[in-house]
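Right, one structure below, let's go through it.
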Amino acid sequence: MIVFAGVIGGEPSYGCRYRVAGARGGGSSDPRGNGRSGCHRARDRAPALRYLRTLGLKPVAAGNIKGMVDYYRNPDTQRAFAEKNDQDPRKVTSFADATKLSMETTVLANATGFHAGRRGMYGPACKDVREIAERLPAQAMLETGLVDYALGAAPHTGAFVIIHEEAPLKQAQLAYYKLGDGPFYVFYTPFHLPHLQIASTIGRAVIQHDPTVAPLAGPVCEVVTMAKRDLKAGERLDGIGGFCAYGLIENAVDARAADALPIGLSENCVLRRDKKKDEVVSFDDVVLPAGRRADVLWREQQLRWPMREAEASPQRVLVEAVS
């Protein structure tokens, strides 16, 4: 998977119901893994963003409501939950270890231009999602926009969008409707229904030619490979939802400066050297499998949207992938 690619499909941007709270700008855990599949929450946030923009409001941050994050979950720790809910242990592992969360927010970042405040995002613990606007850095939201997540926050599922509004008339109207004092206001969906959304998403894309979310241009963020434990030279990485690695969102400029290996390309790569737990795995750290189409597509993507020398160091050519 090359996580730059946008997700097609969508819900109508009109007639949507969103709960709202206002805040002045500035956890708990679920051992089962907060199971969801794919990049479905991009479908939750994108309609909200579009709807809020039609109201003349300015989104400055968006993300998930997340029950728990534990980078070190693996298929063994998640097996009982997976079997109980008729799920695949590797898929459930990716839900818990931040890989899927990072993929979803990367899709959102590439569709909005919003950045990650730091590798892996801030993920502040909140009792209620309405607190999230107070927990994220106001300056970063205003300068670049942010993708992030609220950890352990009621209503314990769904997605949020933060808007910023300083116009006195709009602030007065928002306060009158009990949405808070601002200047940051939190809109959120208190539900997440991917099994129902999938059909309407596909139908809207195919029939109405209206994607829920698509990349603006070149990559803004990526999902980089992180060592889940101490790894030894010669080990073969087992990819998304495995025992070896987890994925974290990173701003694309920083990911390319580190020559980081995307988590979607990590499976079956063989380590050239030892890696410590929580270290970034780079292209130079691995031997890529020969003949993979994904590697060719990755190189094509980098040629199409190269990082400027002032932004990042030149990426290592994927010789193994194309030779």
cation_pi(K277, Y71) dist<6.0 Å, angle<=45: no

E250 CD to M226 CE distance, which is reported to the nearest 0.5 Å: 8.5 Å

D238 (side chain) donor-acceptor with C244 (main chain) under 3.5 angstrom: yes

Set of side chain to side chain contact (heavy atoms under 4.5 Å, CB included) partners for L169, sequence neighbours left out: Q173

Donor-acceptor pair, side chain of D274 and main chain of A233, under 3.5 angstrom: yes

Nearest-0.5 Å distance that lies between atom CG in N74 and atom OG1 in T77: 4.5 Å

L49 versus T112, closest heavy-atom pair with distance: CD1-CG2, 3.7 Å

Side chain to side chain contact (heavy atoms under 4.5 Å, CB included) involving H164 - partner list, sequence neighbours excluded: V60, L142, E166, P183, F184

Polar side-chain atom of Q171 near backbone of E165 as donor-acceptor pair, under 3.5 Å: yes

Main-chain N/O of V286 paired to R272 side chain as donor or acceptor, under 3.5 Å: yes

Minimum heavy-atom distance V223-S102, with the two atoms named: CG2-O, 3.5 Å

Cluster check W305, L303: I/L/V/M/F/W/Y, side chain < 4.5 angstrom: no

Atom pair OG1 (T225) and CG (L261), whose distance is rounded to the nearest 0.5 Å: 4.0 Å

Nearest-0.5 Å distance, CD1 of residue I240 to OG of residue S94: 7.0 Å

Side chains of F187 and P59 in contact at under 4.5 Å (non-hydrogen atoms): no

Contact summary for E222 and A252, nearest pair of heavy atoms: OE2-CB, 4.0 Å

F114 and L108, any side-chain heavy atoms less than 4.5 Å apart: no

Short N-O contact, R304 and E300, less than 4.0 angstrom: no

hydrophobic_cluster_shared for I207 and I202, side chain cutoff 4.5 Å: no

Contact summary for D259 and D284, nearest pair of heavy atoms: OD2-N, 4.0 Å

Separation between CD1 of I163 and CZ of R53, rounded to the nearest 0.5 Å: 12.0 Å

Partner of D148 under side-chain contact (heavy atoms from CB on, under 4.5 Å), chosen from M121, K66, R118: M121

side-chain contact (heavy atoms from CB on, under 4.5 Å) assessment of V281 paired with L271: CA-CA 9 Å; V281 179; L271 287 171; 4.3 Å; yes

Any side-chain heavy-atom pair of V224 and D254 under 4.5 Å: no

Nearest heavy-atom neighbours spanning Y149 and P124: O-CD, 3.3 Å

By side chain to side chain donor-acceptor pair (under 3.5 Å) - contacts of D70 (at least two apart): R73

In one Ile/Leu/Val/Met/Phe/Trp/Tyr side-chain cluster, 4.5 Å: L55, V161: yes

Backbone of P219 reached by a side-chain donor or acceptor of N110 within 3.5 Å: no

Short side-chain to backbone donor-acceptor contact, R292 and L265, under 3.5 Å: yes

Validation row: R256, Q302 side chains within 4.5 angstrom (heavy atoms): yes

Side chains of D278 and Y246, donor plus acceptor under 3.5 Å: yes

Option from R273, R229, K275 for which salt bridge (charged side-chain N to carboxylate O under 4.0 Å, His left out) with E235 holds: R229

Closest contact, heavy atoms only, A159 versus I65: N-CD1, 4.0 Å

Listed partners of T99 passing side chain to side chain donor-acceptor pair (under 3.5 Å), at least two apart: D97

Side-chain donor/acceptor of D88 to backbone N/O of A82, under 3.5 Å: no

Separation of Y185 OH from Y177 OH (nearest 0.5 Å): 14.0 Å

D210 side chain vs A205 backbone, donor-acceptor pair below 3.5 Å: no

Any residue meeting side chain to side chain contact (heavy atoms under 4.5 Å, CB included) with P75, in chain and number order, not counting sequence neighbours: R79, P89, R90, T93, F243

Set of side chain to side chain contact (heavy atoms under 4.5 Å, CB included) partners for A175, sequence neighbours left out: none

